Structures are given as structure tokens and as C-alpha cells.
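Counting starts at 1 for both ligands and their atoms, following the listed order. If you're wondering where the values come from, they're calculated on a predicted model, not measured in any experiment.
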Amino acid sequence: MVRTPQQFKEMQDIDVKTEHRVTKIDPKEKRIEVVDLSKSETQWVPYDKLIIATGARSRRLNLPGSNANNIFTLKDLQDGIRIRNYIDGKRPKRVAILGGGFIALEMCEAFRLRDLETFVFCRKDLPVGNLEREISEKILKELQENGVHFLTHHEPADFKTNGKDEVTTFETHKASYRVDMVLMAVGVIPNVELAKEAGVELGKTGAIRTDKAQRTNLDDIFAAGDCCEVFNLVSQDWVHTPLGDIANKQGRVAGENAAGGKAVFHGVVGSAAFKVFELEVAFTGLGMEAARKYGFDVDSQVIEAESKVGYMPGSKRMLIKLIFDRKNGRVLGAQMAGKEGVARRINSLAVALHQKMTIDEISRLDFAYAPPFSGTLDPILIAAEQAAKKIRRSP
Ligand SMILES: Cc1cc2nc3c(=O)[nH]c(=O)nc-3n(C[C@H](O)[C@H](O)[C@H](O)COP(=O)(O)OP(=O)(O)OC[C@H]3O[C@@H](n4cnc5c(N)ncnc54)[C@H](O)[C@@H]3O)c2cc1C
């Protein structure tokens with residue numbers, strides 16, 4: 001949709017082969033086995049350098065009835081089109097979403113816009129359970145205000161189907177729910193089978209381990225994107241963070257180096273943003289639990305402030321939680337939720353994390369002020385100042 005194979009050819013002389021599946025990598029002979037799906041023909045194609053960018057696939061729960069034809073996952077455009085066609089054709093009234101992550105939440109909005117009664121089944125007691133409680137509670141409130149039923153501590157057990165192989169009832173270990181369609185949004189699995197079979201090393205997360213030049217352990221084979229791990233600069237650990245901006249940056253580094261360059265992808269601090277109905281949610285760095293796990297002496301500061309001067313039209317309250325190391329005041333993470341000005345604000349804290357700044361240094365930053373954009377003190381500066389005071393007061 002963004003660019004066609006013809007445009008790739010005309011603009012950059014790149015041959016894009018759609019409908020071609022790679023079925024084997026032979027690193028000894030430096031060749032790949034490719035099936036042309038349109039003709040069902042298989043051939044070996046030689047390479048000088050290879051970049052593996054096979055992405056990730058949606059995880060599916062393996063339960064009785066889980067292959068029914070009204071159970072969907074959402075990973076690519078085709079999945080989205082299938083879901084839309086099903087809604088347009090069958091006019092379902094009730095949908096069950098399994099999972100409480102950001103894809104589940106974004107789909108709540110899409111389903112509610114189509115007037116579907118929406119049930120979210122979540123193992124944890126709050127949505128996006130790896131976010132801080134204060135943020136997840138705001139998300140829950142937004143879901144409930146928009147008519148979403150959020151059901152916690154449900155362990156999925158069974159899908160009861162009718163004669164047309166459609167789920168009609170979703171059963172958990174607690175109760176049964178009549179549903180007309182199901183979305184499984186329970187995470188992704190990196191597509192690493194081809195790489196693994198060829199002898200490419202995987203990391204502890206199960207995704208491909210590369211060095212910072214996106215090189216794998218095998219000569220002339222690079223990897224990038226959702227199939228790979230990425231280095232987290234705050235925790236100093238390799239993690240699997242399947243996000244589009246990371247995939248893009250890793251891809252550029254892998255491409256440049258495959259062409260003989262010396263590019264380096266230093267890593268990420270772990271920033272992301274998403275929207276749940278009118279609520280913007282954004283975070284960067286580590287949460288409290290993760291920070292503790294990595295051995296930091298963790299403390300936090302929560303504040304609520306206006307997104308712009310209170311008398312300006314459209315000003316909205318936002319919540320900010322700053323997470324920092326009590327020992328030296330270094331910022332370790334930040335999470336925000338609010339209905340205005342949240343998603344872009346997180347980027348300044350991502351910069352602070354990259355620079356290993358302290359709370360005190362952040363509180364003294366020279367942010368721009370004008371009433372339509374922020375209060376005299378930006379909410380981030382207020383949060384940092386409060387946190388700095390807390391550090392000064394602590395023994
Ligand atoms: C609903 C949704 C919303 C998202 N929103 C955001 C967002 O707001 N921000 C963000 O940063 N990220 C977001 N993401 C994540 C983002 O889409 C991914 O991180 C990104 O697409 C990863 O790019 P990739 O190239 O590594 O993998 P993919 O985009 O998955 O591409 C992998 C490609 O490899 C192909 N392939 C796999 N195996 C083979 C094979 N054997 N032979 C040939 N081809 C093969 C696949 O068909 C696919 O085309 C979202 C994802 C979803 C599903």
C-alpha cells in the first residue's frame with residue numbers, strides 16, 4: 001500500500017518479489033530456496049549477502065475450537081481486511097477480545113465504532129499489565145466509559161462452535177459468554193524457524209541475536225526487525241521489542257552494512273505510544289518492576305498537571321509517572337496518560353534516557369512556554385522538580 005514493486009524498481013532499481021516464500025537458507029552454498037507461490041515453482045537463488053527480516057506472527061491459543069473461522073488475529077493488512085469483511089458480511093453483535101495489550105485496546109475502539117458489544121478478557125486485573133498501575137487504571141476507566149466490558153482473571157478454556165465451524169460461545173474457567181466473533185490478541189512470536197534451521201544463533205528471548213551492526217553469527221547473514229532482539233540501553237540487556245520504528249532503524253543498518261558500510265544500531269530505550277479512544281498513552285524506559293529486577297534502587301514520582309495553561313480551550317489533565325534511581329537521581333523511565341499532548345511529550349524523556357540524565361538535570365531544562373502549548377512549567381518539569389525534591393529530602 002505504501003509503495004508498489006514497480007515503484008521500487010523505478011525509484012531504486014530494487015526487484016521486489018511478492019508471492020515468493022523462502023523455504024530454506026543454505027549458508028554453506030550461500031543460496032536460498034524460494035517457492036514462487038503463483039506458479040508453485042521452487043528454485044535455489046544465490047546470494048552474496050542475506051538479510052533476514054521475516055518479522056513475527058500472532059500467537060494463537062491452542063484450545064478446543066480455536067481454528068473456527070470467526071476467530072481472528074491481527075498482524076497484517078490481510079488480517080485487517082478479513083476482520084472488516086466478516087463484520088460487513090455477517091453483522092456480528094458481540095465480540096470477545098482475548099488479551100489486554102495495545103492491539104487489543106486499539107481494536108476495542110474499532111469494534112465500538114462498528115457498534116459491537118465488546119468484551120475484553122484479560123489474565124491480569126488491569127489492561128496493559130506491564131504498565132504502571134496508575135496508567136493502567138486510566139486506561140480501564142477510558143474503556144469502561146466507552147462501553148467496553150473488561151473482564152479480569154479469566155483463563156480461556158474452550159470455544160463452542162456451531163455446524164458452520166463458527167464460535168458461538170466462549171468459555172473461561174469461570175463463565176460462558178455468547179459471542180459472534182473472537183479476536184486473539186495475545187502477543188507475537190518471532191519468525192525464526194528458517195534462521196534457526198540454518199544455524200543462526202537465537203538469544204534468550206527466542207528472537208535472532210545480532211551484534212550492533214545487525215550481523216548474525218553466520219558470515220554474510222544479517223537480520224533486522226521483529227524477528228530480532230534489540231539492545232535496551234537502560235537495562236543493558238537484549239530484549240524482544242517488536243515495534244515498527246525499531247524494525248525500520250535495524251533494517252537501515254543491516255542494509256547499509258550488507259552493502260559494505262559501517263553503520264551501528266546502538267539500541268533503544270524502549271519508547272512507545274498508543275491511543276485508547278480519546279486517551280493517549282506513552283512510555284519510555286523501564287517500569288518500577290523491571291527497574292528493580294535490573295538492580296536499580298528504584299523510586300518514583302506521580303503528578304497530574306494541565307496539558308496547557310488551564311484557561312486555554314482544550315486544556316486537559318495528564319498523569320505523569322517518573323521512575324528514577326534514588327542513589328544517583330538518574331531517570332530510568334517515564335509513563336504518561338492523558339487526552340492531550342502526551343504522545344509527543346514522551347520523546348523529550350526518551351532523549352533524557354539516552355543521555356542518562358538525572359531528575360535534577362531534567363527539572364532545569366529550558367522547555368518552550370506559551371499558553372496554547374503548556375503551563376509556565378511544563379508537566380515534565382513539574383514532575384522532575386517534585387522528584388528532585390523527594391531525592392533531596394530522602395536521608
Ligand atoms: C495492529 C498493529 C499495530 C501496530 N502499531 C504499531 C505502532 O503504532 N508503532 C510501532 O512502532 N509498531 C506498531 N506495530 C508493530 C509493527 O507493525 C512491526 O514492528 C513491524 O511491522 C515489523 O516489521 P518487520 O519488517 O520486522 O516485520 P513484518 O512487517 O511482519 O514483515 C515481515 C515480512 O516477512 C514476510 N515473510 C515472513 N517469512 C517469510 C518467508 N519465509 N519468505 C518470504 N517472506 C516471508 C512476511 O510475509 C512479511 O511480509 C503494530 C503491529 C500491529 C499488528
Enquirer: Roughly how far, to the nearest 0.5 Å, is SG of Cys122 from CG of Leu105?
Expert: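 Output value for this atom pair is 8.5 Å.
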
Enquirer: Considering non-hydrogen atoms of the protein only, which is the closest contact for atom 3 (C) of ligand 1, and what is the distance?
Expert: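 Of every protein heavy atom, Glu106 OE1, 4.2 Å lies nearest to atom 3 (C) of ligand 1.
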
Enquirer: Yes or no, since that's all I need: does a protein heavy atom fall within a distance strictly under 4.0 Å of atom 8 (O) of ligand 1?
Expert: no

Enquirer: Checking a contact table here: which protein heavy atom is nearest atom 39 (C) of ligand 1, and how many Å away?
Expert: Thr54 CG2, 3.9 Å

Enquirer: Cut-off 3.5 Å, side chains only: do Glu19 and Ser38 have a donor facing an acceptor?
Expert: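 Checked: Glu19/Ser38 side chains show no N/O donor-acceptor pair below 3.5 Å.
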
Enquirer: Indicate whether any N or O donor in one side chain lies under 3.5 Å from an N or O acceptor in the other, for Thr172 and Glu155.
Expert: no

Enquirer: Can you check whether a protein heavy atom sits less than 4.0 angstrom from atom 14 (N) of ligand 1?
Expert: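 It does not; no protein heavy atom is within 4.0 Å.
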
Enquirer: Do the numbers put Lys212 on top of the ring of Phe231, so that NZ or CZ is under 6.0 Å from the six-membered ring centre and no more than 45° off the axis?
Expert: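 Yes - Lys212 lies over the ring of Phe231, closer than 6.0 Å to its centre and within 45° of its axis.
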
Enquirer: Check each atom of ligand 1 against the heavy atoms of Leu74 and keep those under 4.0 Å away; list them by number with element.
Expert: 1 (C), 53 (C)

Enquirer: Measuring from atom 28 (P) of ligand 1, which candidate in Ala272, Gly55, Gly251 has the nearest non-hydrogen atom?
Expert: Gly55

Enquirer: Where's the contact between Leu194 and ligand 1, heavy-atom distance under 4.0 Å: side chain, backbone, both or neither?
Expert: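 Side chain only.
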
Enquirer: How far is atom 34 (O) of ligand 1 from its nearest protein heavy atom, and which residue and atom name does that atom have?
Expert: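 The closest one turns out to be Ala53 O, 3.5 Å.
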
Enquirer: What is the closest protein heavy atom to atom 23 (O) of ligand 1, and at what distance does it sit?
Expert: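 Minimum-distance protein heavy atom for atom 23 (O) of ligand 1 reads Ala247 CB, 3.6 Å.
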
Enquirer: Compare His20, Lys17, Glu33 and give the one whose heavy atom is closest to atom 44 (N) of ligand 1.
Expert: His20

Enquirer: With a cut-off of 4.0 Å, which atoms of ligand 1 are near a heavy atom of Pro242?
Expert: 15 (C), 19 (O)

Enquirer: Is Lys138 paired with Glu134 through a side-chain N to carboxylate O contact shorter than 4.0 Å?
Expert: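 A salt bridge is absent here (no side-chain N lies under 4.0 Å from a carboxylate O).
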
Enquirer: Return the residue, atom name and 0.1 Å-rounded distance of the protein heavy atom closest to atom 17 (O) of ligand 1.
Expert: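 Heavy-atom neighbour on the protein nearest atom 17 (O) of ligand 1: Lys75 NZ, 4.6 Å.
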
Enquirer: Considering only protein heavy atoms, determine whether one is less than 4.0 Å from atom 47 (O) of ligand 1.
Expert: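 False for atom 47 (O) of ligand 1.
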
Enquirer: Which atoms of ligand 1 have any heavy atom of Leu243 under 4.0 Å away?
Expert: 10 (C), 11 (O), 12 (N), 19 (O)

Enquirer: Could you check atom 2 (C) of ligand 1 against the protein and tell me its nearest heavy-atom contact, residue, atom and distance included?
Expert: Ile103 CD1, 3.7 Å

Enquirer: Just which atoms of ligand 1 are under 4.0 Å from any heavy atom in Gly225?
Expert: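 Within the 4.0 Å cut-off of Gly225, ligand 1 contributes 26 (O).
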
Enquirer: Measure the distance from atom 12 (N) of ligand 1 to every protein heavy atom, then report the residue, atom name and distance (to 0.1 Å) of the closest one.
Expert: Gly244 N, 3.0 Å

Enquirer: Please determine if Val22 has a nitrogen or oxygen closer than 3.5 Å to a nitrogen or oxygen of ligand 1.
Expert: yes

Enquirer: Between Asp15 and Lys9 (salt bridge meaning N to carboxylate O under 4.0 Å), is one present in this structure?
Expert: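 Looking at Asp15 and Lys9, the cut-off is met.
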
Enquirer: Give the atom numbers and elements of ligand 1 that come within less than 4.0 Å of a heavy atom of Asp245.
Expert: 11 (O)

Enquirer: Considering only protein heavy atoms, which is closest to atom 26 (O) of ligand 1, and at what distance to one decimal place?
Expert: Asp226 N, 2.8 Å

Enquirer: Salt bridge or not for Lys196 and Glu201, using N-O below 4.0 Å?
Expert: no

Enquirer: Would you give the length of the straight line joining atom CZ of Phe102 to atom CG of Leu131, rounded to the nearest 0.5 angstrom?
Expert: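 With rounding to 0.5 Å, CZ (Phe102) is 10.5 Å from CG (Leu131).
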
Enquirer: What's the separation between atom OG in Ser348 and atom CG in Leu365, rounded to the nearest 0.5 Å?
Expert: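 Separation between the atoms: 8.0 Å.
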
Enquirer: What is the ring orientation for Tyr177 with Phe119, classed by angle as parallel under 30°, tilted 30 to 60°, or perpendicular over 60°?
Expert: tilted

Enquirer: Around atom CD of Glu278, are there more than 12 heavy atoms of other residues, nucleotides or ligands at under 6.0 Å?
Expert: no

Enquirer: Measure from NZ or CZ of Arg112 to the centre of the six-membered ring of Phe277, then state whether that distance is under 6.0 Å and the direction lies within 45° of the axis.
Expert: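 No, Arg112 does not lie over the aromatic ring of Phe277.
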
